[in-house]
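One structure is given here, and the rest of the page talks about it.
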Amino acid sequence: MSQNIITEEKVFEEMKKAVAETLRVDEGRIKPETSLIKDLGAESLDFLDINYRLEQAFGIKMARHFVLEHIEEMFGEGTAIDENGQLTDKAIQLLKIRFGDSAPEMASGMDMDEVPTLVTAQSMVRGVMDILDSLPNKCPKCGNASWRADNGVRVTCSSCGEAAAFSNGDDLIKEWLKKVQSEKSLF
Amino acid sequence: MLPLKDKVALITGSSRGIGNAIARRCALSGADIVINYRKGGGSSQEQAERLCREIEETGRRAVMAQADIAVKDSVKKLFGEINEKFGRLDFLILNAAKAPFKPLEKLFERELRQLVETNYLGNIFCIQEALPLLEKTNGRIVFISSLGSRFYNPAYPLGSMKAAMESVVRDCAESLRDKKILVNAVCGGIVKTDSFKVLRQFWEHIDMLPEELFVEPDEIADTVVFLCSPESRGITGQTIVVDKGLSNAVCRTAVKK
């Protein structure tokens, strides 16, 4: 369900904090459209650090693997990335569905190493929101439907105090991939 | 007396983590330092620049050398630069590593190739290209291994490459004996560096390991300095485990309550 306990603004605020602390940059430099790699010099290890900080903040599990890896795991090696390390047409189609059509570099033949540069503060916020939106209607422990957020970030049941359990990021990507595949039969 | 005075050390992958600590310790022990990092223009380069300044402030020379050890031409260029700038090399510290965190059976072909290219071939390229310089100084080679070389870690295919390299260490120690080059390895336990940030995502509850069983990067770095110093002249072909006793305790902790 789409939860309305933690707002997107709050997630963006935490995102800025995590990015600023990891990369030692000023929070003011982080805008929704900021590319973590191109604009802030982030590297793959930095993403893990940022993810870890977000996981600690919200009590969630971010995706360990990017959507391209999930495609190949689901549909076979070579379905997303060809032997030259370039994205296949199908992978591009899928990325456009997921990230929108805005990035001009998103075209067939795009190098796989270029893909992470598409990650922006906003796309990461979206990832966190997707996980938070997996909040079940009712508390699995006491069955009541009354969640609240401690400090604006930690969702707990307001009747029994149980911490909310969310789907993890990788499972959500897999579910999304299955859904897209069943609708469009891309692969 | 500084044990490494007037010597030159190359530490591959030294912008971050253990490599960074080794570079500092070698510099404190008197060596001039070549800081190698793989990727230009990002946070690694920034950290390498910071390290470079800090070493220079201690009165030692430090130069930055960007190179991807997985690429032979890049390695050739790296040693060309070292020869040009220092005219010598005493210590080759093979620290750089890069690997996906996934169970082996789930690795795609390109990931497998990359695993071998960086963590096995890359190290051997470095040894091959460093030899002409190391022969002149009767230098030392120290490889940085990890407990993954001998124990299972979840989603840690790098372990098999560490095991292969420990074998390479034994091999080279013998074949480079005539050239008076000593070759050893330091096998580190669990260290809270950037790589640990990866590990903890795949190894639930690793945070619960008692604090005293975590190794400090400096504890590994000091062992590397020892293996570069005259005091260790009798040691070659060995892998020294620096793990705060973790592996010694494994048998006991494997027993479930």
Side-chain angles (χ1 to χ4, degrees), chain A residues 18-25 35-56 60-66 68-88 91 111-114 116-117 119 168-170 174, chain B residues 13-20 37-51 66 68 70-71 96-114 117-118 154-158 191-207:
Chain A
V19 172
E21 280 169 11
T22 301
L23 301 174
R24 301 194 225 181
V25 298
S35 161
L36 272 52
I37 291 178
K38 273 193 293 191
D39 301 323
L40 303 176
E43 292 173 7
S44 56
L45 280 170
D46 298 319
F47 280 101
L48 294 163
D49 204 351
I50 294 165
N51 280 351
Y52 185 76
R53 288 172 198 270
L54 293 168
E55 291 185 353
Q56 297 299 103
I60 56 176
K61 275 215 182 303
M62 301 285 285
R64 267 62 173 143
H65 303 288
F66 194 63
L68 292 176
E69 281 180 73
H70 282 294
I71 296 175
E72 299 214 314
E73 199 154 300
M74 208 173 274
F75 306 111
E77 184 166 9
T79 49
I81 298 161
D82 68 17
E83 63 277 14
N84 301 316
Q86 294 178 334
L87 266 58
T88 61
D111 198 280
M112 63 178 285
D113 294 332
E114 293 296 310
T117 64
V119 176
N168 78 48
D170 286 309
K174 283 184 217 165
Chain B
S14 45
S15 66
R16 301 170 183 257
I18 296 172
N20 184 300
Y37 59 101
R38 182 177 65 90
K39 213 170 158 195
S43 58
S44 290
Q45 187 172 322
E46 248 171 62
Q47 295 187 60
E49 281 164 5
R50 206 174 300 136
L51 175 64
Q66 184 274 325
D68 183 350
V71 180
K98 180 173 184 276
F101 278 71
K102 271 186 189 181
L104 264 175
E105 75 277 9
K106 287 199 167 170
L107 290 181
F108 298 129
E109 186 182 337
R110 65 169 176 280
E111 291 174 319
L112 273 169
R113 290 188 188 282
Q114 186 234 303
E117 278 170 10
T118 299
Y156 189 76
L158 186 56
V191 189
K192 281 187 176 165
T193 59
D194 283 336
S195 301
F196 180 70
K197 290 168 189 160
V198 191
L199 193 61
R200 71 185 166 194
Q201 299 209 354
F202 297 91
W203 192 344
E204 231 174 322
H205 310 310
I206 184 70
D207 278 318

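Numbers restart at 1 for each chain; the letters A, B, ... are given by sequence-line order, proteins then strands.
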Exceeds 12 heavy-atom contacts within 6.0 angstrom, atom CZ of B:R113: no
side-chain contact (heavy atoms from CB on, under 4.5 Å) evaluation trace for A:R24 with B:R50: CA-CA 13 Å; A:R24 301 194 225 181; B:R50 206 174 300 136; 3.1 Å; yes
Regarding B:K102 and A:E69, does a basic nitrogen lie under 4.0 Å from an acidic carboxylate oxygen? yes
Side chain, backbone, both or neither: which part of B:E111 has a non-hydrogen atom closer than 4.5 Å to chain A? side chain
Pairs satisfying salt bridge (charged side-chain N to carboxylate O under 4.0 Å, His left out), at least one member in residues 40-55 of chain A, at least two apart: A:E21-A:R53, A:E43-B:R16, A:D46-B:R16, A:D49-A:R53, A:D49-B:K197, A:E55-A:R64
Nearest-0.5 Å distance that lies between atom CG in A:N84 and atom CZ in B:R110: 12.0 Å
Can you say whether A:E73 sits under 4.5 Å from chain B via the side chain, the backbone, both, or neither, judging by heavy atoms? both
